[in-house]
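Everything on this sheet refers to the single structure shown next.
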Amino acid sequence: MSRFFATGSDSESEESSSADEITPKATGTPFKQALLLSDDEEDTKRVVRSAKDKRFEELTNIIKTIRNAMKIRDMAKCLEEFEQLCRAFLKSKNIVDKEGIPPFYIRLLADLEDYLNQLWEDKEGKKKMNKNNAKALSTLRQKIRKYNRDYENEIASYKENPQESADEEEEREAGDSGSSSDSDDEGKDEGLSAKSFLKKKPEPSSEASKFLKSAKGSGDESSTSDDDEDDEDWGSDTVDSSSESSDDGEEKSTSLAVVFLKKTQEAEKADKKLGKKRKPKKKERLEEEMEEEAGEEAEGGWEKVKGGAPLVKEKPKMFAKGTEINVPVVVKKLNEILQARGKKGTDRAAQIELLHALAAISNENNLGQGVLVKIKFNIIASLYDYNPNLAAFMKPDMWKKCLDCIEELQTILFEHNNIFIGENIAEDSESLANTDQPFRVRGCILTLVERMDEEFTKIMQNTDPHSQEYVDNLKDEGRVCAIIDRLLNYLENKGSTEEICRIYLRRIMHTYYKFDYKAHRRSLGLQVESKSEHDQEESEGEDSAVIMDRFCKFIYAKDRTDRIRTCAILCHIYHHALHSRWYQARDLMLMSHLQDNIQHADPPVQILYNRTMVQLGICAFRQGMIKDAHNALLDIQSSGRAKELLGQGLLMRNMQERNAEQEKIEKRRQVPFHMHINLELLECVYLVSAMLLEIPYMAAHEFDARRRMISKQFHHQLRVGERQPLLGPPESMREHVVAASKAMKMGDWRTCHSFIINEKMNMKVWDLFPETQRVQEMLVRKIQEESLRTYLFTYSSVYDSISMETLSEMFQLEIPTVHSIISKMIINEELMASLDQPTQTVVMHRTEPTSLQNMALQLAEKLGSLVENNERVFDLKQGVYGGYFNRDQKGGYQQKQSYQRDQKSGYQQNKGGYQRGGYRNQNQRRAAHPV
């Protein structure tokens, strides 16, 4: 059948091809002329394979993909392919039951489990993995351990002797290829079947010795040499071999499919004969290279080379030999280096080295400070670009280089007043040559210093605060502040007002949260001997309060942006509050009106506002302003998210409320650990303030049904303490405050004092204040006064009169103080009593109901509301009232012993006052005024 008429079905083409095969061929006719195939069959060479070959080939292809993924540590791909491998192996169950589990499958399971265990133990490597790979590693490790339980014996036997397992697999492959051939003679002479040909196809591509079996050794070499000899015998004469195979087919009654398959293989072997002859040499060379690399790796001298830009390879040749080095040549070379900046494949570390080398060449040839300043600007920018990710922080070596470069740049600018820098200078108008005119360089050193400050913050955010590394990094703050101070002095002479405001704010942000101990000691009149000259210089310098006042007032007057002024005001308030200047801090906060529109500010400013309010509340507490302290801390503490609102950590939330990207953004807003406010101290101050306010109020309104809560969080802690079945001695700070509150309820100020001020509470809270002794004395005084108020509220109904001297002794207060407290209570109508001055006693008035009367009144009020609600529900069903209320025509209610409503729902007042009425009065009015 002609191939030009191959439009029939597959069956017709197969019949025609088989018929052509059966017809005898003349000797010497080419193989392709004897077989006239259809177009489809000619394009794609068909190979008839058994089900076993197909299934095993599918498994080997998947295993190859898994091993490639193992080489590049792609755990997600490994997991996906392993699941596919399990499904493919399940499909091959019938073949596996007949033939047995293939050794290459067992070898993969063993290698994969060892590989995963090795990755799991590599802690550093796991940290560098991305989220998907880390998750896939954990999942795949669990799956492979569970899956390998069914093959423990096979894996154990493989691990005992991997060499024998590999040899057995080769023998089995050779046996399979021999059995699938038509005869033993043909198997020995030809040595290749469909199975063996397909099996050896993927083997050359798997080269990594650490993932594949490395002990094949001489067996592979011998087999390949035998194959080559067989190939030469097989392809010596295509005509003779084809005729012999057809004759053998007739004599031994072989199938047409086998004859077809062998002729296809013969054609392929003939085409690849030349390539096979060159292959052993190439393979030997590859094996030698792999052995050399393995030897270098064992010695520790092998290093993986990064792929970079071609620019890096030209590093030794900065300029061609004999080139005259001048300013235009250096600037041109600088632009060439900068052109590779940001491109894919650029080695950023090598680029920084090139810029350093260019700066050294500029110095050697005395090209002037203008070129050197321009190169320094680009070096610092390249150091910042070394980490393209915003969340990443600079490595220690890069950070040190950055600080050194900025200091060198500042030194050059200070020593040479004829250098002018600015962002508004165009590159065309730059003046870099050594001339009489001043140098003009495009660049902004303020931007570089601000970025340096941000990098320092990121380094502190990403360092473990409880490690020595954090302390070492924090020591660099001295250098950072020194750089800011030098730039501040430079910009005060040459900078604009806007730039001065920006650098002032940077200096303020490094000062506002630090307590000035030297100024505090000077205010107390204490002289401290300084051990070093540096300490003496610091003690003789300006106080931080003077510096803050000067910087902030300049910003208040000159700044045109709301954000810088807002931050300066908040830092100023924070600094005042930290140093117990309560009235200045309070007045500045009230005058700024920040609390009215702070919700429209950006999150970092809101965090600064929250920190300022907290510090203001703590300052008020230290000064004894309990109510002001409670009001300042109420918003932060009542939310239950103080840690998050102060930028000191993230709370665990659902992924619906905050996704991964939002979490990264919030982590970048966190305040470094050395700027944190102690959350336990904050909560203790709030709870103690709430206790001093709430306990007397609860005693005064014990039977008031409409009593409001001053602090919900404090009441919550009280309820938690009451629900505990077993009350032991308090341990935590909250338990101490709850126990003190219970003692204060009873008027026992000594027990309350012992719970609030003791060694444990001093260590946790009170010793953290600068003036611990003064704060404790204030607390004792407040506890005594509020316990006295609580005692009078609770037990006033028991006394007819009580002596102020007795109260003074009971609460260890001076008589004038007791007199003042009782007088305030009487004036505010909190206590129904009068003072008898001659006898110094408090005479109680019996106007207040007893506790029994209070309970009776509450019961009556509740019953009245219950009856009213019941009548309303009944009226909805029946449509008429029959109890306390009557209904007029307009649907309004009239209550007996109450007011009278007319038809317009208004109250009517007679001469003698309000009249009680109903339907009777309405009828009388109708009779008197007929319509």
Nearest 0.5 Å, please: how far is NZ in Lys395 from SG in Cys402? 15.5 Å
Could you go through the ring-ring contact (aromatic ring centres under 6.0 Å, His included) check for His572 and Tyr512 one step at a time? CA-CA 7 Å; His572 204 183; Tyr512 80 97; over 10 Å; no
Between Gln468 and Asp472, do the side chains contain a donor N or O and an acceptor N or O under 3.5 Å apart? yes
Tell me the closest heavy-atom pair linking Arg348 and Asp385, and the distance in Å. CD-O, 3.3 Å
Checking the side chain of Gln648 only, and the main-chain atoms of Val671 only, is there a donor and an acceptor separated by less than 3.5 Å? no
Taking the ring centre of each residue, are Phe554 and Tyr556 less than 6.0 Å apart? no
Arg669/Glu644 ion pair, N-O < 4.0 Å: no
Thr511 and His575: side-chain donor and acceptor closer than 3.5 Å? no
Could you go step by step and tell me if Asn378 and Leu338 meet the side-chain contact (heavy atoms from CB on, under 4.5 Å) rule? CA-CA 8 Å; Asn378 288 294; Leu338 295 179; 3.3 Å; yes
Check this for me, if you would: do Asp602 and Arg563 make a salt bridge, where the nitrogen-to-carboxylate-oxygen distance has to be below 4.0 angstrom? yes
Going by distance alone, is a donor N or O of one side chain under 3.5 Å from an acceptor N or O of the other, for Gln637 and Tyr686? no
Centres of the His416 and Phe439 rings: under 6.0 Å? no
Glu498 atom CD, neighbour heavy-atom count above 12 within 6.0 Å: no
Which heavy atom of Phe673 sits nearest a heavy atom of Tyr470, and at what distance? N-OH, 3.0 Å
Intermediate values then yes/no, ring-ring contact (aromatic ring centres under 6.0 Å, His included), Tyr384 and Tyr386: CA-CA 5 Å; Tyr384 291 147; Tyr386 189 77; over 10 Å; no
Could you pull out the closest heavy-atom pair between His676 and Gly647, with the gap in Å? NE2-O, 4.4 Å
Does atom NZ of Lys126 have more than 12 heavy-atom neighbours, drawn from other residues, nucleotides or ligands, at distances under 6.0 Å? yes
Give the intermediate values and the outcome of salt bridge (Lys or Arg N to Asp or Glu O under 4.0 Å) for residues Lys458 and Asp453. CA-CA 9 Å; Lys458 283 200 287 188; Asp453 196 22; over 6 Å; no
For the backbone of His510 and the side chain of Lys514, can you confirm whether one donor and one acceptor N or O come within less than 3.5 Å of each other? yes
Hey, is CZ on Arg73 packed in by over 12 heavy atoms from elsewhere, all under 6.0 Å? no
Quick test of your reading of the model: are Glu336 and Lys333 salt-bridged, counting only N-O distances below 4.0 Å? yes
Between Lys494 and Asn417 (side chain of the first, backbone of the second, donor and acceptor by atom type, cut-off under 3.5 Å), is there such a pair? yes
Is there a donor-acceptor pair closer than 3.5 Å between any side-chain N or O of Asp516 and the backbone N or O of Ala519? yes
Stepwise side-chain contact (heavy atoms from CB on, under 4.5 Å) test for Leu679 and Leu646: CA-CA 10 Å; Leu679 294 177; Leu646 296 175; 3.8 Å; yes
For Arg622, is there an ion pair with Glu771 - N to carboxylate O distance below 4.0 angstrom? no
Nearest heavy-atom neighbours spanning His576 and Ala585: CB-CB, 3.7 Å
State, to 0.1 Å, how close Phe769 and Val685 come at their nearest heavy-atom pair, and which atoms those are. CZ-CG2, 4.0 Å
Test salt bridge (Lys or Arg N to Asp or Glu O under 4.0 Å) applied to Lys553 and Asp549, step by step: CA-CA 6 Å; Lys553 284 183 177 177; Asp549 193 61; 3.2 Å; yes
Looking only at non-hydrogen atoms, find the nearest pair between Leu487 and Ile445 and report the distance. CD1-CG2, 3.5 Å
How far apart are the C-alpha atoms of Glu124 and Lys128, what are their side-chain angles, what is the distance that settles it, and do they pass the salt bridge (Lys or Arg N to Asp or Glu O under 4.0 Å) test? CA-CA 7 Å; Glu124 295 297 327; Lys128 294 178 183 178; 6.0 Å; no
Please assess Lys401 against Glu455 for the test salt bridge (Lys or Arg N to Asp or Glu O under 4.0 Å), listing each intermediate value before the final yes or no. CA-CA 13 Å; Lys401 286 181 183 178; Glu455 290 293 337; over 6 Å; no
For Leu358, is there any backbone N or O sitting under 3.5 Å from a side-chain donor or acceptor partner on Ser362? no
